[in-house]
Novice: 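Handing you a structure now.
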Amino acid sequence: MSSATPRSMTAGARNILRSNDSASLWNYTVAPGWSMKEAEILRNALMKFGVGNWSKIIESNCLVGKTNAQMNLQTQRMLGQQSTAEFAGLHIDPRVIGQKNSLIQGEHIRRKNGCIVNTGAKLSREEIRRRVGENREQYELAEEEWSVIELPLPEDPQLLLEAKKSEKIRLELELKNVQRQIAMLRKPGRKIELDSSESPKTELDDEDRDEMLEDQPLGKRPRIEV
């Protein structure tokens with residue numbers, strides 16, 4: 001009787017893409033708000049904790065500030081498919097699945113942001129369990145592989161969180177300042193100084209005047225002093 005092939009060394013596609021693999025195997029787009037470095041950390045976290053185990057990833061502090069929804073969206077992009085249910089809890093390299101999905105073609109295949117979109121009827125629980133079982137046998141890493149994966153930690157997660165909060169406050173203040181300037185630009189005849197060190201204005205230019213006049217009803221457009 002032939003011996004079973006270890007899960008980490010399947011006869012088909014390899015279970016982990018290495019740094020010396022073809023560059024085309026690594027192509028995928030990151031979701032908004034993600035860097036390639038963060039996406040690579042998530043990839044390793046999925047291999048270590050399993051797809052969908054967001055609470056464990058959050059507790060590890062390897063991706064401070066990322067939410068469940070953000071991690072799920074980026075996981076979809078790495079897998080190359082919208083549905084993640086058939087990989088729930090599996091310790092897999094999502095890029096292996098993404099490479100396989102990138103080769104699937106056909107008129108029945110619909111994609112959005114590089115991901116195969118769900119079509120047809122919703123999968124039953126039995127079908128999802130069946131697919132999880134198949135994917136476990138074909139793609140899951142051996143425990144001796146995923147258990148030794150090390151994830152980077154910020155020097156001080158609290159400091160990083162405070163820095164993100166400060167950045168959020170700065171962006172909110174910047175947005176309010178822009179909104180205030182836009183509101184002032186819409187006031188007829190109002191001279192304005194914009195808070196910009198690169199291209200300061202001391203009054204309305206021709207483009208601003210034209211835009212402002214277009215917003216006024218005919219016959220009621222004000223006379224602007226220049």
Novice: Over all heavy atoms of both residues, which pair between H108 and Q105 is shortest? Give the atoms and the distance, please.
Specialist: CE1-O, 4.1 Å

Novice: Would L73 end up clustered with I92 when hydrophobic side chains under 4.5 Å apart are linked, directly or stepwise?
Specialist: no

Novice: Using every non-hydrogen atom in the two residues, find where L151 and S60 come nearest and quote the distance to one decimal.
Specialist: CD1-OG, 4.2 Å

Novice: Say you draw a straight line from CD of Q99 to CG of N101; how long is it, rounded to the nearest 0.5 Å?
Specialist: 9.5 Å

Novice: Would you call R136 and F87 a side-chain contact if the rule is heavy atoms closer than 4.5 Å?
Specialist: no

Novice: To the nearest 0.5 angstrom, please state how far the CZ atom of R130 sits from the CG atom of N135.
Specialist: 9.0 Å

Novice: Please round to the nearest 0.5 Å and tell me the distance separating atom CG of L90 and atom CD of Q138.
Specialist: 11.5 Å

Novice: Apply side-chain contact (heavy atoms from CB on, under 4.5 Å) to N44 and M47, showing your working.
Specialist: CA-CA 5 Å; N44 284 292; M47 288 192 282; 3.4 Å; yes

Novice: My understanding is that only residues two or more places apart in sequence, or in another chain, count here; which of them pass salt bridge (charged side-chain N to carboxylate O under 4.0 Å, His left out) with E143?
Specialist: none

Novice: Write down the atom of Q76, the atom of C115, and the distance for their closest heavy-atom approach.
Specialist: O-SG, 3.3 Å

Novice: Share the residues that join V117 in a hydrophobic cluster, the rule being Ile, Leu, Val, Met, Phe, Trp or Tyr side chains under 4.5 Å apart at the heavy-atom level.
Specialist: none

Novice: Taking all non-hydrogen atoms of both residues into account, name the closest pair between G52 and L46 and its distance.
Specialist: N-CD2, 4.5 Å

Novice: Could you identify which residues cluster with V148, counting Ile, Leu, Val, Met, Phe, Trp and Tyr as linked when any side-chain heavy atoms lie under 4.5 Å apart, either directly or through a chain of such contacts?
Specialist: none

Novice: State whether the number of non-hydrogen atoms from other residues, nucleotides or ligands found under 6.0 Å of R110 atom CZ is greater than 12.
Specialist: no

Novice: Using side-chain heavy atoms (C-beta onward) and a distance below 4.5 Å, is V96 in contact with K100?
Specialist: no

Novice: Please say yes or no: joined through hydrophobic side-chain contacts below 4.5 Å, possibly via intermediate residues, are V51 and V132 part of one cluster?
Specialist: yes

Novice: How far does CZ of R43 sit from CE of M78, to the nearest 0.5 angstrom?
Specialist: 8.5 Å

Novice: Do W34 and L42 have side-chain heavy atoms sitting under 4.5 Å apart?
Specialist: yes

Novice: The criterion is salt bridge (charged side-chain N to carboxylate O under 4.0 Å, His left out); which residues satisfy it with R170, sequence neighbours excluded?
Specialist: E167, E174

Novice: Between E134 and R129, is the salt bridge (charged side-chain N to carboxylate O under 4.0 Å, His left out) condition met? List the steps.
Specialist: CA-CA 9 Å; E134 287 185 353; R129 281 197 293 266; over 6 Å; no

Novice: Applying salt bridge (charged side-chain N to carboxylate O under 4.0 Å, His left out) as the test, list every pair that has at least one member in residues 48-60; sequence neighbours left out.
Specialist: none

Novice: side-chain hydrogen bond (donor to acceptor under 3.5 Å, both in side chains) with Q82: which residues, sequence neighbours excluded?
Specialist: N118

Novice: Holding to salt bridge (charged side-chain N to carboxylate O under 4.0 Å, His left out), I want the full list of residues that pass it with R131, two or more places apart in sequence or in another chain.
Specialist: E86, E127

Novice: Could you list the cluster mates of I109? Members are the ILVMFWY residues connected by side-chain heavy atoms closer than 4.5 Å, either directly or through other members.
Specialist: I104, I116

Novice: List in chain and number order the residues that pass ring-ring contact (aromatic ring centres under 6.0 Å, His included) with W146, two or more places apart in sequence or in another chain; answer none if no residue qualifies.
Specialist: H91

Novice: For a side chain to side chain contact (heavy atoms under 4.5 Å, CB included) with I182, tell me which candidate from Q179, R186, M184 qualifies.
Specialist: R186

Novice: Throw together a table of side-chain donor-acceptor distances under 3.5 angstrom for residues 63-72, partners on residues two or more places apart or in other chains.
Specialist:
residue : atom : partner : partner atom : Å
K66     : NZ   : G33     : O            : 2.7
K66     : NZ   : E38     : OE1          : 3.4
T67     : OG1  : Q70     : N            : 3.2
T67     : OG1  : Q70     : OE1          : 3.4
Q70     : OE1  : T67     : N            : 2.9

Novice: Hydrophobic clusters join Ile, Leu, Val, Met, Phe, Trp and Tyr when side-chain heavy atoms are under 4.5 Å apart, directly or via other members; which others share one with L173?
Specialist: I169

Novice: If you measure from CH2 on W54 to OG1 on T75, what distance do you get to the nearest 0.5 Å?
Specialist: 3.5 Å

Novice: Which residues pass the salt bridge (charged side-chain N to carboxylate O under 4.0 Å, His left out) test with E150, not counting sequence neighbours?
Specialist: none

Novice: What's the separation between atom CD in Q74 and atom CZ in R77, rounded to the nearest 0.5 Å?
Specialist: 7.0 Å

Novice: Of all heavy-atom pairs between C62 and I41, which one has the smallest distance, and what is that distance?
Specialist: O-CG2, 3.7 Å

Novice: So which atom in V30 and which in A39 form the shortest heavy-atom distance, rounded to 0.1 Å?
Specialist: CG1-CB, 4.0 Å

